[in-house]
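Working notes for the structure below.
The shown structure was predicted, so the numbers you read here are calculated from the model rather than taken from an experiment. So you know, we letter chains A, B, ... as the sequences are listed, proteins then strands, and number each from 1.
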There are 2 protein chains.
Amino acid sequence: MEELAEAPTRPHRKQKRLGRGTLTKELIVEAALRILDEGNVNALTFARLGKELGASPTAMYRHFSSRDEIETAVADELIRISLDGYEPLESWMDSLRDLAYRAWHTFSDHPAAAMHTFYRVTLGPHEVRAVDAILEAVHRAGWQGREAVFQYQMYSNLVLALSGRNAAMLAAAAAAGADSGNFWVQEYRPARPQDFPYVSAHHDELRIKDGFEVFSGQVEAMLAAMKAALPAAS
Amino acid sequence: MEELAEAPTRPHRKQKRLGRGTLTKELIVEAALRILDEGNVNALTFARLGKELGASPTAMYRHFSSRDEIETAVADELIRISLDGYEPLESWMDSLRDLAYRAWHTFSDHPAAAMHTFYRVTLGPHEVRAVDAILEAVHRAGWQGREAVFQYQMYSNLVLALSGRNAAMLAAAAAAGADSGNFWVQEYRPARPQDFPYVSAHHDELRIKDGFEVFSGQVEAMLAAMKAALPAAS
DNA sequence: TAAATTAGTGAATGTTGTTGACTATAGCGT
DNA sequence: ACGCTATAGTCAACAACATTCACTAATTTA
């Protein structure tokens, strides 16, 4: 029996009405990310935001015009976190690897928020920073113009897709309430094993042990392919 | 009562109550896929399913215990469609390429359903078929045991992630009501262009023209990397 | 200090997923 | 043919949801 907002032991916790400048876009986005981090993908509701901020649910509409707009802002915030403290490394390959790992780990740390991020175009300030950082490394490698943009697309598409799917699987597992120890175990036990000889033969090995290992290998393959496709001058 | 034969001009006349064996898992899944295809990702509701099948919304609960279970069944159906008519080709690389393109095109044709598919483990009959088909090709290439499973993971992870993100972008664009001609245009116009020189310089080229071209290139790179990593005996 | 903005509120609306009690129907045994 | 029974389909109810609108009071400003 939880009394709503009644904290008698803590006197001035409860206020009749919030002051005028209390809520800001930034505060709401931070609260939204907190909510997504502790709940699942659908945990981000206006009611929950209101509780988190001690405000009326509808107060959010003074700063965002819809739930979708909040999600987009959270996506840009996730990019900000991912980029925090980034500086180009000496080698362009190291720079791109660093950026890739940053995306992976940020998405892994915030899987629910990542599900709103990986396919979105936020057009926000931090997304622009990310695009610029990648293009900078691609230019340093030796590409220009159209070619540079193509390489940028290959790279960012791969990183966002792989990191995004990993986050989606993490979020789904969390929503299903699985304990984090065994959630990526796939138990393939076909009804007629003789019809699926390969699945049956590998039953015990069909478990993804470490998603990052696969990701890392794919990033290396991509970087190697980029290096091999580099234009003449080196 | 022979009254059932009335009103032949109007095919499905409104009936008070549906007959007993009218609804099946298969019919519901097909209806669900139809609904997802013409609406967006959130279009799949019990009310909409009821309307589509001329039944009560709650009738679905006699065949599925939750919305999530229906989505999982739709995911497996999507895999079935993707695999329809597949036969292993002579070369293992051709087989894997074929399977990859099938996934891409199926996801592109059903973007909303794909968003429920790309990160899920359905454990359904068709998913098992898909896993078996991939493992078959990997074995034919020359891998066995643990190594074979690792190659399977690299491959399927890449294909599902890339196809899934593409579908997610298509679905988001459709939900936003964009016409399919220009939805992947990213208009980066930073507030202070001098702070983002590379984005500004490539403003006109920062548009993804053909997602499949990028995908195809990445699949080829992966197949080449696999071939290069092949164990000794050939 | 009075007026004007406008951020925050609360009530209301129409959907949503899900539950539980009800009811008619198909298929069974006789 | 007849009733019995299991259960597929239905209906009403509920809590949670996004969103709208009119209202109210806190801050800014004149």
Open item on the list: Under 3.5 Å, is there any donor-acceptor pair linking the side chain of A:R20 to the base of C:dT5?
Closed with: yes

Open item on the list: Whole angstroms only, please: what is the NE2-C1' distance between A:H63 and C:dA7?
Closed with: 6 Å

Open item on the list: Nearest whole Å is fine: how far is C:dA7 P from A:E26 CD?
Closed with: 14 Å

TODO: Measure from the side-chain heavy atoms of A:S56 and tell me the nearest of D:dG9, C:dG10, C:dG17.
DONE: C:dG10

Open item on the list: Taking only side-chain N and O atoms of A:Y61, does any of them lie within less than 4.0 angstrom of OP1 or OP2 on D:dT19?
Closed with: yes

Task: Distance in angstrom units between B:N40 CG and C:dT16 P, rounded - done: 11 Å

Open item on the list: For B:R48, is there an ion pair with B:E38 - N to carboxylate O distance below 4.0 angstrom?
Closed with: yes

Open item on the list: In whole Å, I'd like the distance from the CZ atom of B:R17 to the C1' atom of D:dG9.
Closed with: 4 Å

- [ ] With DNA chain D as reference, determine whether A:A43 or A:S65 sits nearer its 5' end, using the nearest nucleotide of each.
- [x] A:A43

TODO: Can you measure from CG (B:L53) to OG1 (B:T24) and round to the nearest 0.5 angstrom?
DONE: 9.0 Å

TODO: Just call it for A:L53: base, sugar-phosphate, or nothing, with non-hydrogen atoms closer than 4.0 Å on any strand.
DONE: nothing

Open item on the list: At 4.0 Å (heavy atoms only), tell me whether B:L49 reaches a base, stays on the sugar-phosphate, or touches nothing.
Closed with: nothing

TODO: Give one of base, sugar-phosphate or nothing for A:R67, where a contact means two heavy atoms less than 4.0 Å apart.
DONE: sugar-phosphate

Task: Parallel, tilted or perpendicular: rings of B:F212 and B:F215 (30°, 60°) - done: tilted

- [ ] Give the rounded distance in Å between these two atoms: NZ of A:K51 and C1' of D:dC17.
- [x] 15 Å

Open item on the list: Using heavy-atom distances to pick each residue's nearest nucleotide on DNA chain C, tell me which of A:T22 and B:A47 is more 5'.
Closed with: A:T22

Task: Value in whole Å for how far the C1' atom of C:dT18 lies from CG of B:D68 - done: 14 Å

- [ ] Please confirm whether A:Y152 and B:Y188 have ring centers closer than 6.0 angstrom.
- [x] no

- [ ] Nearest whole angstrom, please: distance from the P of D:dA8 to the CE of B:M60.
- [x] 14 Å

Open item on the list: Applying a 4.0 Å non-hydrogen cut-off, can you work out what B:A59 is touching in the nucleic acid: base, sugar-phosphate, or nothing?
Closed with: base

Task: Rounded distance in Å - CZ (A:R62) to P (C:dT5) - done: 15 Å

TODO: Test for a donor-acceptor pair under 3.5 Å between the base of C:dG10 and the side chain of A:T58, counting only N and O atoms.
DONE: yes

Open item on the list: Classify A:T45 by what it touches in the nucleic acid, base, sugar-phosphate, or nothing, heavy-atom distance under 4.0 Å.
Closed with: sugar-phosphate

Task: salt bridge (charged side-chain N to carboxylate O under 4.0 Å, His left out) evaluation trace for A:D98 with A:R102 - done: CA-CA 6 Å; A:D98 184 22; A:R102 281 164 174 273; 3.3 Å; yes

